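The structure displayed is predicted, hence computed values, not measured ones. Lettering follows sequence order; numbering is per chain, from 1.
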Protein chains: 2
Amino acid sequence: MFIETIKTDGLAHLSYLVGDQEEAVVIDPRRDTRVYEQLAGEHGCRIRAIFETHRNEDFISGAPVLAKRTGATVYHGPNPEGEVAYARILDDDFSIQLGRLRLDVLTTPGHTDDSISIVLYDTEADNSIPTAVFTGDALFIGDVGRTDFYPDRAEEVAGLLHDSLETLVALGDHVLVYPAHGAGSVCGGGLSDREFSSIGHERLTNPALRLLGDRDAFIAHKTSEQHYMPPYFKLMEQRNLDGQAPVLQQELPALSMQQLSELNDCSWVDVRGTECFSGQHLGGTLSLPIGMIAAYAGWLLDPEKSLVLLAENEAQANTAYAHFYRLGFDNVRGYWKLNTNQWTIERGQVNQLQHITAAALASALQDGSETQILDVRKLDEWQDTGVISGAYTAYLGQLSSKLGGLRSDRPVVTVCGSGTRAVVAASLLKRQGFDQVKVLWGGMQAWQQSYSTEPYTD
Amino acid sequence: MFIETIKTDGLAHLSYLVGDQEEAVVIDPRRDTRVYEQLAGEHGCRIRAIFETHRNEDFISGAPVLAKRTGATVYHGPNPEGEVAYARILDDDFSIQLGRLRLDVLTTPGHTDDSISIVLYDTEADNSIPTAVFTGDALFIGDVGRTDFYPDRAEEVAGLLHDSLETLVALGDHVLVYPAHGAGSVCGGGLSDREFSSIGHERLTNPALRLLGDRDAFIAHKTSEQHYMPPYFKLMEQRNLDGQAPVLQQELPALSMQQLSELNDCSWVDVRGTECFSGQHLGGTLSLPIGMIAAYAGWLLDPEKSLVLLAENEAQANTAYAHFYRLGFDNVRGYWKLNTNQWTIERGQVNQLQHITAAALASALQDGSETQILDVRKLDEWQDTGVISGAYTAYLGQLSSKLGGLRSDRPVVTVCGSGTRAVVAASLLKRQGFDQVKVLWGGMQAWQQSYSTEPYTD
C-alpha cells in the first residue's frame with residue numbers, strides 16, 4: 001500500500017500514484033505522464049483509473065494522454081463547465097477498491113463546481129476509519145482554494161467552499177491531507193512549503209479553516225481576496241474539457257544559428273537564468289527562466305505564435321520545453337544552444353542588461369533625476385512592504401498593457417522582490433523600445449535594508 | 001521545510017532527513033550514509049545533528065560514520081546500557097531549532113531504556129501545536145515496539161512502553177507518525193506495509209493502542225508475545241555503544257575463480273535469488289538471497305569468519321555487500337561472478353536442488369515413506385496455519401542447533417511459507433551432510449490449497 005507524490009516544479013503541482021498489490025490510480029496527472037507509468041512499474045502495478053479532482057485551469061491535464069497509453073478510465077467530478085470528452089462523470093457514491101485500499105469520492109465544490117476530494121481507507125486497518133484524503137484545490141496546507149473563477153457567483157461559491165471544508169474537517173483530525181498544490185502555486189496565496197499535514201493540523205493552524213462555522217465571515221474573507229488570472233487560463237480550461245487529440249511530447253529539435261534566423265516569425269524566449277540573460281542576450285528576446293514559465297508564459301506569450309528557445313544546453317532546453325508542454329504550448333519549434341560569441345562574430349551586436357544598486361538608485365532619486373521606478377510585484381507584496389516613493393506599479397503579468405504610464409525616452413529602473421522578475425520586466429521593456437532600462441539589484445529586499453518605503457495606495 | 005524518508009530494504013528500516021532552510025538533522029542513520037549527504041546537498045542543507053531514537057540492535061548505527069564525515073553532533077537518549085562513546089546524552093528538555101522548524105525530545109522508554117521520540121513543530125504554522133513525531137521503535141504503524149530485551153524486567157518495561165505510548169497519544173490525533181521500521185522488520189510482528197499514518201489513526205486502528213488505559217492488559221499482551229532474537233544482536237548492541245573506529249565502506253574486490261578457491265577458510269554465501277540457487281550452485285555454499293541477509297545473517301553466519309559472496313553480477317554483489325555492511329560484517333573478502341559452466345569445466349561437479357509439488361509430497365506421505373518434513377517458519381506462522389501432519393518444526397534461524405531430531409540418511413522435505421526460506425534451509429542441510437533434501441514448491445500456501453494441516457503443539 002503506497003502513496004507516491006509526484007511534485008512538478010514551476011506549477012508547484014502535486015499529483016499522486018496510489019496503489020496496493022497490483023493496481024494503482026493516478027490523481028491529477030500532469031501532461032508528461034511517463035513518470036506515473038515508471039513508478040507504477042516499480043510497484044508492479046497497472047494503472048487502472050485516473051482521477052481529476054477538478055477541471056484544471058493552470059495546466060493541461062495529463063489524463064487523456066495517460067488514458068490513451070494505459071487504457072485506464074478517467075473519472076471527473078459532477079457539474080463540469082461542459083462535457084469532459086475523455087472522462088466519466090462520477091458522484092458522491094463513487095468508490096473503487098485496489099487490493100486492500102478503498103477510495104471513496106466526496107464532492108467538495110467551491111474552487112470549481114466540479115471539485116471532488118478522494119478519501120483513502122486502509123481496509124485492512126479498518127473499513128470505516130478514513131486514513132488520508134486527496135483534497136485537490138479545496139484544501140491546501142496553510143490555505144484553501146481560490147474562489148474567484150465565477151465572478152457573478154462570488155459569494156455563492158465561497159459559501160460552497162465553506163461547506164466543503166466542513167465536510168473535509170468532519171473526516172476527523174487523524175486524516176492525512178494530500179493537496180494538489182504546494183507553495184508557489186498560482187492557485188492560492190498562503191500555501192505552506194511544508195508538504196505533510198493532517199485534517200487536525202489544518203483545523204488548528206490553517207487561517208482559513210479558523211473561520212469555519214461562521215459562514216458569512218468565511219465568505220467575506222474569500223471574496224475580499226485578490227488573485228491574478230492570466231487570460232491563458234480560459235484556453236486551458238477549454239482544452240481540459242475537450243481533451244483534444246492527446247498530443248504526446250515530441251523530441252525538441254536542436255537548431256543551427258541559420259535555422260534560428262529563419263524562424264523570425266516566432267517568439268524567441270531565453271530560458272536561461274536571469275544572471276546569464278543580464279550578462280549577454282540577443283536583442284528582442286524575452287527572458288523567461290524555467291521556474292517562471294508556469295506562472296508567466298500564459299501572460300507574456302501569444303499562444304497563437306510559435307516559440308523558439310534559447311538555452312545554455314540541451315538539458316536546460318528540454319526542461320523548459322517540458323514546462324511549456326504542461327501548459328499546452330505545443331508550438332515550440334526548437335532550441336538554439338546559445339552562443340553569444342558566435343552570434344557577435346557572425347550577426348553583430350548582443351546586449352547586456354544594466355543593474356543598479358539600492359544605494360545608487362537612492363542617490364539618483366535624491367538628485368531629482370528623471371528616473372522612473374517600475375515595481376512589477378503583486379498587489380499583496382505592494383501592500384505588505386509598501387513601495388519606493390513615486391514608484392509606478394504594474395504586475396509583471398499585465399505589464400504589456402500598462403506601459404502607457406511610463407516614458408520610453410527616460411530611464412526606467414525595474415524593481416521586484418529580489419531581482420529576478422525585474423529582469424523579465426526589463427526584457428519586455430527593451431522589446432517595447434525602452435532603451436534606458438536598469439534592474440534594481442536584490443530588489444526590495446536590498447532596498448529595505450537601508451531605505452524606507454511608503455504605503456501602497458491604489 | 002521537508003521530511004525525506006530513507007527506506008532500507010532488508011532491515012525494513014526507515015530513517016529520516018528533516019530540515020528547513022539551510023540546516024538538517026538525520027534520525028537513525030544506517031551505516032552507509034552517503035544517501036543522507038546527497039539528499040542534504042539537494043536541499044542546500046548542512047547536516048547539523050544526528051539523533052538515535054534508541055540503541056539499535058538490528059543494525060550498526062551510521063551515526064559515528066556520518067558524524068565523522070559531516071562534523072554533526074550525535075544525540076542519544078538517556079539511560080543507555082553503557083557509555084555511548086560517540087554521542088551526547090540528552091533528556092526530555094532537549095530542543096533544537098532548524099529554520100522555522102523545531103524538534104523537541106520526548107523520552108519514550110519501553111522498547112529500550114534509552115528510547116526517545118522526536119516531536120516536530122512547524123513554528124511558522126504554530127509554536128505549540130505539534131505537526132509530526134518520529135517514534136523510533138516505540139510506535140509503529142499497526143504495532144508497537146517489542147519489549148523482550150530485558151527478560152528479568154519483562155513486566156516493568158512493558159509498563160514503561162504503555163506509559164510512553166500514552167504520552168505519544170496525548171500529542172493529539174492530528175500528529176503525523178514517522179516510525180523507525182516498516183513491515184518485515186524483526187523489531188515487531190504486526191507492522192502494516194502502509195507507510196503513512198497519524199497518532200489518531202493509530203489510536204483508532206492499532207491493536208496494541210486499543211489496550212491503552214488498561215495497563216495490566218497491555219503488560220499481559222506484551223509479555224505473552226514471542227519474538228526471536230539472533231545471538232548476533234548482542235554484538236551489534238555493544239558496537240552501537242562503543243562506536244568502534246568508524247569503518248567506511250570499502251570497494252568490494254571482484255575475485256577470479258583461482259582467488260576464490262584460495263579463500264576456502266571463508267564462508268561462501270550465494271546471494272542470488274533462490275530460483276538461481278536451486279538451478280545450479282556450488283557444493284557447500286549457503287544460500288542467502290539479498291532480502292534475507294538482514295533477518296538471517298546474524299543467525300546463520302559466524303561473525304568471526306570471513307565471507308566471500310557468489311553473485312550473478314557486480315551490482316548484485318554490491319547490494320548484498322551493503323546489506324552485510326549495515327550489520328557490521330566488515331569481513332567480506334570479495335565476490336565471484338558465479339559461472340557454473342566454468343566451474344564445471346575446470347573444477348568439477350556443481351549441484352542442483354530438487355523441488356517437490358504439494359501433490360507429490362502428499363502422495364509420498366500417504367505411501368508411508370520415510371520422508372521427513374522440516375517446517376522452518378516461525379512460531380506465529382505454525383500457530384496461525386497449523387502444520388503438515390508429522391512435520392518437524394525448527395525456526396530457520398535456529399536450525400543448525402536443532403538438526404538432532406532429523407536423520408540425515410533419510411529424505412527431508414523443507415517447508416516454509418511460499419518456498420524461499422525452505423531453499424536456505426535446504427542449503428544448510430546439505431552442508432551438514434543431508435543428501436536427500438527436497439524443497440516444497442510454493443510452501444504452505446501451495447499445500448493449503450489442497451491439503452489439510454493439523455494444529456501446532458509445542
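- To the nearest 0.5 Å, atoms CD (A:E124) and CG (B:D193) are separated by 7.0 Å.
- Contacts of A:I199 with chain B are absent, with no heavy-atom separation under 4.5 Å from either backbone or side chain.
- Within 6.0 Å of CD in A:Q21 there are more than 12 heavy atoms belonging to other residues, nucleotides or ligands.
- For A:S192, the part sitting under 4.5 Å from any heavy atom of chain B is the side chain, from C-beta outward, and nothing else.
- Options A:D122, A:V175, A:N206 differ in how many heavy-atom pairs under 4.5 Å they form with chain B, and the most are formed by A:D122.
- The contact between A:F196 and chain B is made by backbone and side chain atoms together, counting heavy-atom distances below 4.5 Å.
- The minimum heavy-atom distance linking B:P130 with A:H201 is given by the pair O-CD2, 3.4 Å.
- In the displayed structure, B:Q97 atom CD is contacted under 6.0 Å by more than 12 heavy atoms of other residues, nucleotides or ligands.
- Of the listed residues (B:E202, B:R203, B:R100), the greatest number of heavy-atom pairs within a distance under 4.5 Å of chain A belongs to B:R100.
- Ranked by heavy-atom pairs under 4.5 Å with chain A, the list B:T131, B:L204, B:D126, B:T205 is led by B:T131.
- Residue contact with chain B, scored on non-hydrogen atoms closer than 4.5 Å, is absent for A:P207.
- More than 12 heavy atoms of other shown residues, nucleotides or ligands fall within 6.0 angstrom of atom CD in A:Q383.
- Taking B:S197, B:G172, B:G142 one by one and counting their heavy-atom pairs under 4.5 Å with chain A, the maximum is reached by B:S197.
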